[in-house]
A.B. asks: 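Quick one: the structure is below, questions incoming.
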Amino acid sequence: MKAILRDNKKMRWGMLLIISFVMFAAYVASDNIFAVETTLKGASYGITGSEYSSLAGAYSIFNVYLLMLIFGGIILDKKGIRFTGIMSTLLMVLGVGMMTFSLFRLRAMMAAGAEMTTVNFLGDALRTPVLPAVIGMGIYGVGAEIAGITATKAIAKWFVGYEMALAMGLQLALARLGTGLAYGATPGIVKLFSGNVAIAVLIGLILLGAGLIAFLAYCVYDRKLDLQLKEQGAEEQASDPSEEFSAKDVLAVIKNPAFWMIALLCLLFYAAVNPFLKYSTGMMVGKFGINETLAGLFPMILPMGCIVLTPLFGGVYDKKGHGADLMILGALIITAVHAIFAILPDGASPVIPIILMVCLGIGFALLPSAMWPSVAKIIPAKQLGTAMALTFYIQNIGFIFVPKAIRSIQAATTGYFWFSAFFTCLGISAILLALGIKLLDKKKNYGLQVPNIKEEA
């Protein structure tokens, strides 16, 4: 068979670099504003607790309540990677642009002592200059989540039969680098510009603009690959009308038991890690007596560890297989960490939580490195966008309701035993689902335990 673009190692890795840069820029743009909560609530902006909560929760509101993420997945499978990628990046640029404008305007009005009216937005009172920022974050969230599923489908397209898990792991790692850079660099940037948070958000906007230009370059080569696949009569080529996505494919995804296992595993896994990180600093201070400044660095351990470990574990999956085993092991590690946090006495040596956070980072890298490539094995290529969208939708539901459960637990109890026990229960459920996925793989022969690399370029 005649070689095509993705058979060229430099070409497919070059495409991965472009995709990863777009997602890197997306993570910088979404996380930098939350690295300076104190500044936002200070005199220059006067952001209230209600406004900050609205801003923090706005990312998922349109995705969950208006089903925009599911529509995005359908668009991806119907219109393809190029159209959806450009659309999602433009949405991110629009959303961050609104946030940038809102912050500049709010700062100027605060400096001038201008009066501001308030509006009700989903039950929260927001000053009118803040409303565009909240809506912009929601628009950005739609674009970012659709960009995420588009990136996954693009990698599956370029790396089928090659280093798919490693490629997905590297993309995740570079995205986590964006998170680490946002949290690590934004406070210094804001301080350099006399507390002007809008400057830091503007930098994220510029990065997204560069990402859009880079993705346009990707589209040129992606179109060439499509033409080559069409010439070869490849089944994954969506330009063949017989292979186009239809509404029946949504039902096909929903009826697939393996999809539900993966989707629920995704919900439980990320719910056991991401919301925990938002409360981990308080736990380090309250349970272990760690200095507040030092405790604030603990959440950085996970994204930094993922930069190295996620591609490493992805490479293991590519060459050795055992994808289901990697998911089980990742769930076991996360569960064990939360269980140990629950039983540790107050005032235990601070060395122990550091070790536990490192272990949590290992689990955080292990499970996704096998989970996302496994979706591409379970779901046909023409349905992959919809499957990823539904998975992300279910994950976003967890991001909305798990923090509410945590607040209820903390209101009804003292200390951190039940807090950690709740996360332990999530981990146990994830273990059971991962075991179920392995059993189903044996029955359906999805190939989750089989290496991804079939041939070397």
Side-chain angles (χ1 to χ4, degrees), residues 60 62-81 83-85 87-88 142 144-157 159-160 164-165 168 234-271 323-324 327 367-368 370-400 429-430 432-434 436-448 450 452:
S60 297
F62 297 143
N63 287 327
V64 173
Y65 295 118
L66 298 183
L67 307 179
M68 295 305 297
L69 186 51
I70 295 176
F71 290 136
I74 295 174
I75 292 170
L76 173 58
D77 284 333
K78 188 69 176 177
K79 293 294 187 178
I81 292 169
F83 176 90
T84 313
M87 178 193 74
S88 61
V142 174
E145 290 293 285
I146 296 175
I149 61 176
T150 304
T152 300
K153 187 166 185 176
I155 295 171
K157 176 180 180 179
F159 284 84
V160 60
M164 187 188 298
M168 289 187 179
E235 291 184 358
E236 66 209 70
Q237 177 53 38
S239 62
D240 182 355
S242 66
E243 292 295 330
E244 282 190 355
F245 172 84
S246 68
K248 291 186 294 184
D249 291 315
V250 178
L251 294 177
V253 172
I254 293 174
K255 290 179 180 179
N256 189 333
F259 159 75
W260 282 106
M261 286 188 174
I262 286 282
L264 291 174
L265 177 62
C266 175
L267 183 155
L268 291 166
F269 164 71
Y270 281 102
M327 286 187 272
L367 202 149
M371 181 171 61
W372 297 122
S374 294
V375 177
K377 289 186 174 183
I378 291 171
I379 304 297
K382 66 173 182 173
Q383 300 168 356
L384 185 57
T386 298
M388 294 299 296
L390 288 167
T391 302
F392 278 37
Y393 177 80
I394 293 169
Q395 173 186 302
N396 273 252
I397 292 174
F399 288 161
I400 289 177
S429 300
L432 295 175
L433 276 171
I437 290 169
K438 183 174 182 179
L439 292 175
L440 191 62
D441 178 55
K442 289 182 179 180
K443 181 179 179 180
K444 299 289 187 178
N445 294 316
Y446 292 119
L448 304 187
V450 178
N452 295 316

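Any value given below was found using the heavy atoms of this structure, including those in side chains, with hydrogens, waters and symmetry copies removed.
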A.B. asks: Do any N or O atoms from the side chain of D441 and from the backbone of I437 form a donor-acceptor pair under 3.5 angstrom?
C.D. replies: no
A.B. asks: Side chains of L76 and I146, heavy atoms from C-beta outward: is any pair under 4.5 Å?
C.D. replies: no
A.B. asks: Given side chains that start at C-beta, do those of Y270 and P368 come closer than 4.5 Å, heavy atoms only?
C.D. replies: yes
A.B. asks: Is W260 close to I394 at the side-chain level, that is, under 4.5 Å between some pair of heavy atoms?
C.D. replies: yes
A.B. asks: Calculate, to the nearest 0.5 Å, the distance between atoms CG and CG belonging to L267 and N396 respectively.
C.D. replies: 9.5 Å
A.B. asks: Holding to salt bridge (charged side-chain N to carboxylate O under 4.0 Å, His left out), I want the full list of residues that pass it with K377, two or more places apart in sequence or in another chain.
C.D. replies: none
A.B. asks: My understanding is that only residues two or more places apart in sequence, or in another chain, count here; which of them pass side-chain hydrogen bond (donor to acceptor under 3.5 Å, both in side chains) with T152?
C.D. replies: none
A.B. asks: Calculate, to the nearest 0.5 Å, the distance between atoms CD1 and OH belonging to I397 and Y65 respectively.
C.D. replies: 9.5 Å
A.B. asks: Restricting to non-hydrogen atoms, name the atom on I378 and the atom on F259 that form the minimum distance, rounded to 0.1 Å.
C.D. replies: CG2-N, 4.5 Å
A.B. asks: Answer yes or no: is there a side-chain heavy-atom contact under 4.5 Å between I262 and M327?
C.D. replies: yes
A.B. asks: Show the nearest heavy-atom pair for residues I81 and A154, with the distance to one decimal.
C.D. replies: CD1-CA, 3.5 Å
A.B. asks: What are the two closest non-hydrogen atoms of C266 and Q395, and how far apart are they?
C.D. replies: SG-OE1, 3.0 Å
A.B. asks: Mind checking the CE-CG spacing from M261 to L439? Nearest 0.5 Å is all I need.
C.D. replies: 8.0 Å
A.B. asks: Can you check whether G85's main-chain N or O pairs, donor with acceptor, with S88's side chain at less than 3.5 Å?
C.D. replies: yes
A.B. asks: So do T391 and W372 actually touch side chain to side chain, heavy atoms under 4.5 Å?
C.D. replies: yes
A.B. asks: How long is the gap from CG on L390 to CG on L67, to the nearest 0.5 Å?
C.D. replies: 10.0 Å
A.B. asks: Listing request: all salt bridge (Lys or Arg N to Asp or Glu O under 4.0 Å) pairs with a residue in residues 144-153, at least two apart in sequence or in separate chains.
C.D. replies: D77-K153
A.B. asks: Which atoms form the tightest heavy-atom contact between L265 and A430, and what is the distance?
C.D. replies: CD1-O, 3.4 Å
A.B. asks: side-chain contact (heavy atoms from CB on, under 4.5 Å), that's the test. Do Y446 and L440 meet it? Break it down for me.
C.D. replies: CA-CA 8 Å; Y446 292 119; L440 191 62; 4.2 Å; yes
